[in-house]
Amino acid sequence: QGLISQALNNATVETSAEEIAPVDDGILNTDTGDAAEEDHFDDAQIAMAVVIVVFLAVAAEPLLIRYRLTFIPTSVIWVAIGACSMALLAQYGQDKSSVLNPEIFFFLMIPPIIFNAGYTTEHSFFFGNFRAISGMAFLGTLISTGVIGGFLYAFCSWGYIPLDLRASTAFMFGALLSSTDPVGVLSVLKGKSFKNMDKNIKTVIIGESVLNDAVAITLYKTFSSADFIAGAPGVAHHNQLSRGFILAVARFVYCTMLSLIMGVTFGLGTSAVSYKINMLRKHPKIELLVTFFAAYLCYCVSEITQASGMLSVFTCGLVLSHYHQYNVSFPARVASKELSELTSSIAEVVIYLYLGMTVTRSLYKDEILFYNTRMIVATLALLYVSRGVAVSIVALLVNASGEAEDHLTWRSLALLWFSAVRGAIPFALAVQIPGHNRGILVTTTLAIVVFTTIFNGGLTPPLARLLGLVKDKNRLSTSKSKVVLNEEAHALWVDIDTVLSRYFGGERAVHAHEVSDLGKQPPVAHAVHIRRNSKSADIAHEEEGVFVK
């Protein structure tokens with residue numbers, strides 16, 4: 001009886017222990033012991049390799065300046081470093097077929113680059129050239145997409161390119177190639193060779209590269225949603241085409257308007273918080289968190305609502321730079337500018353390093369990635385032709401509707417046509433194209449990205465100097481922003497901005513506080529303040545040649 005009783009007690013204890021013990025459903029599915037130590041050692045090696053490669057890429061720019069090789073775009077060096085590092089890693093690794101998830105581009109790499117472009121843009125030059133920027137971003141992208149997609153589908157149908165390509169896929173490909181990637185454009189125009197470049201044409205190139213991504217991605221999503229172009233001719237096909245066209249226009253309008261609303265809403269909301277809550281000025285770290293969290297949240301919400309996160313975060317950056325940056329403390333203002341530049345630079349470096357690694361990866365023959373020379377040559381030719389047609393049509397419309405001083409000269413048009421660099425965004429969109437032709441389209445996009453980065457990016461600086469758009473270092477810059485509004489519209493905007501400054505702060509609110517504080521100062525301090533302002537006005541008058549009121 002004692003033995004039986006003991007056995008029953010042991011069984012009960014084991015059963016209760018099994019019931020109480022947690023079941024490993026994958027939450028604790030990690031290696032232990034020697035396996036965990038080996039994985040940790042491998043991860044440490046990978047982390048060290050990443051840090052070394054990124055450091056070499058960042059150090060490339062000062063080395064180019066040191067040895068007077070500024071004619072070489074930094075992005076080309078980054079691609080070469082990435083290609084070499086992948087070749088070295090391939091000697092020790094077994095898996096060479098991994099492709100980075102494109103969502104990593106859109107949610108980790110692209111937002112800081114686009115936000116920095118909006119946060120550091122000079123408003124007077126951006127809005128002074130808004131007609132040219134919006135014309136190239138909207139109408140120019142539509143023209144380029146139609147030319148590339150239409151002719152590419154015709155070449156495949158005629159048998160010139162041995163590729164079974166549907167019409168919707170051809171226009172998807174045309175839309176992604178119409179995107180002048182801001183990453184590539186900024187990597188070229190941020191070089192030392194463009195510091196003395198005319199700011200008007202420089203702003204047009206950068207502004208177009210940011211805004212036309214919204215159009216290109218919207219067209220890409222529209223053509224990928226349904227193959228409304230294909231089908232037998234007839235009344236049914238005509239009705240289907242009409243519905244598809246109306247859907248495309250509606251989706252484009254929805255995406256654009258919602259993106260602008262999102263950017264303005266988050267920008268003004270953040271500015272109101274920083275202006276009304278004075279306690280934040282005592283905590284610069286919290287001010288920095290509010291600035292960048294608001295911008296990234298704007299990007300994520302826009303993507304969730306099917307808007308363009310790029311256009312939203314760019315608009316948010318413009319609004320924050322107009323109101324919010326004047327509300328925060330001086331340390332937070334300086335730190336936000338520097339941190340924005342730093343995150344943007346690191347993101348650019350990582351993107352081009354990965355493009356270089358993908359180039360090396362694509363050279364390994366397999367069943368997914370292979371190059372079609374005829375496809376690459378035809379697409380590259382269509383790229384330059386469509387760009388020329390778009391630039392010509394937009395220039396005619398802009399010059400016909402504006403004043404003589406606002407016209408785009410042939411020199412500006414030549415640089416605008418040639419400086420269209422393709423980068424990571426077209427490549428990330430190409431990776432998402434469905435179908436059995438995905439490999440050819442990805443390698444074609446990759447070849448075009450590398451070619452435009454090296455050829456267009458490398459020759460843009462000497463072309464700008466040849467066209468007389470880069471001024472001599474010994475001469476002061478005389479670039480003046482164009483006037484986009486007449487006097488009545490400008491006065492209306494001043495009144496609106498004055499009202500908004502009461503709720504969202506900004507430079508006008510700061511100036512109003514300074515003026516109100518002058519009445520409280522002693523007469524001697526007031527006189528010193530006036531004398532300083534007079535000296536600043538005289539210096540500005542002598543250097544810029546403009547009257548400062």
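Just so we're clear, the structure is a prediction, and the values are computed from it rather than from any experiment.
To the nearest 0.5 angstrom, I440 atom CD1 is 12.5 Å from Y371 atom OH. Rounding to the nearest 0.5 Å places CD1 of I113 at 9.0 Å from OG of S345. A distance of 4.0 Å separates OG1 in T305 from CE in M262, rounded to the nearest 0.5 Å. Separating the CD1 atom in I433 from the OG1 atom in T445 is a distance of 6.0 Å, to the nearest 0.5 Å. Atom CD of E341 is separated from atom CG of N116 by 4.5 Å, given to the nearest 0.5 angstrom. Distance check, rounded to the nearest 0.5 Å: CD1 of I161 to CG of L152 gives 5.0 Å.
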Q: Could you walk me through whether F173 and T379 pass side chain to side chain contact (heavy atoms under 4.5 Å, CB included), step by step?
A: CA-CA 10 Å; F173 194 60; T379 305; 3.7 Å; yes
Q | Residue pair V442, F427: steps toward the side chain to side chain contact (heavy atoms under 4.5 Å, CB included) verdict | A | CA-CA 7 Å; V442 169; F427 176 74; 3.9 Å; yes
Q) F266 and F293: ring pair (Phe, Tyr, Trp, His ring centres under 6.0 Å), yes or no, with the steps? A) CA-CA 10 Å; F266 276 89; F293 281 6; over 10 Å; no
Q.
Using the rule given for side chain to side chain contact (heavy atoms under 4.5 Å, CB included), can you reason through L383 versus T452, listing the C-alpha separation, both sets of side-chain angles and the distance that settles it, and then say yes or no?
A. CA-CA 10 Å; L383 194 71; T452 55; 4.2 Å; yes
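Considering only heavy atoms from C-beta on, I52 comes within 4.5 Å of M48 through its side chain. I351 is listed as a side-chain neighbour of I110, based on a closest heavy-atom distance under 4.5 Å. Using a 4.5 Å heavy-atom threshold, the side chains of M375 and L441 count as touching. V385 places none of its side-chain heavy atoms less than 4.5 Å from the side chain of F151. By the 4.5 Å heavy-atom criterion applied to side chains, T453 and L355 are not counted as neighbours. Counting heavy atoms from C-beta outward, Y354 and M109 have side chains that stay 4.5 Å or more apart. The side-chain heavy atoms of E208 and L416, taken from C-beta on, include a pair separated by under 4.5 Å. Looking at heavy atoms from C-beta onward, F106 lies in side-chain contact with L429 at the 4.5 angstrom threshold.
Taking all atoms of both residues into account, the shortest heavy-atom contact from P162 to N372 is CG-ND2, 4.5 Å. Considering all non-hydrogen atoms of both residues, S179 and A216 come closest at CB-CB, 3.7 Å. Listed here is the closest heavy atom pair of S340 and T343: O-OG1, 3.1 Å. In plain terms, the two heavy atoms of T360 and A83 that are nearest each other are OG1-O, 2.8 Å. Of all heavy-atom pairs spanning L463 and A414, the tightest one is CD2-O, 4.4 Å. The nearest pair of heavy atoms linking F155 to A378 is CD1-CB, 4.4 Å.
Remark: the backbone N or O of L382 is paired with a side-chain donor or acceptor of S386 at under 3.5 angstrom. In terms of modelled atom types and a separation under 3.5 Å, the side chain of R131 and the main chain of L397 share no donor-acceptor contact. Looking at R374, its side chain does come within 3.5 Å of a backbone N or O of Y160 through a donor-acceptor pair. Not one N or O on the side chain of N456 forms a donor-acceptor pair closer than 3.5 Å with the backbone of A420. For T256 (side chain) and V253 (main-chain N/O), no donor-acceptor pair under 3.5 Å exists by modelled atom type. Between the side chain of W78 and the main chain of A57, a donor-acceptor pair closer than 3.5 Å is present.
Taking a 6.0 Å sphere around CZ of F55, one finds it holds 12 or fewer heavy atoms contributed by other residues, nucleotides or ligands. Within 6.0 Å of atom OH in Y296, more than 12 heavy atoms from other residues, nucleotides or ligands are found, so the atom counts as buried in its surroundings.
If you check the side chains of S308 and S259, you find no donor sitting under 3.5 Å from an acceptor. Checking T460 against S419 by side-chain atom types alone, no donor-acceptor pair falls below 3.5 Å.
Aromatic ring pairs are classed by plane angle as parallel below 30°, tilted from 30° to 60° and perpendicular above 60°; the pair F107 and Y299 is perpendicular. Between F115 and Y119, the ring planes lie parallel to each other; the angle is under 30°, not in the 30° to 60° tilted range.
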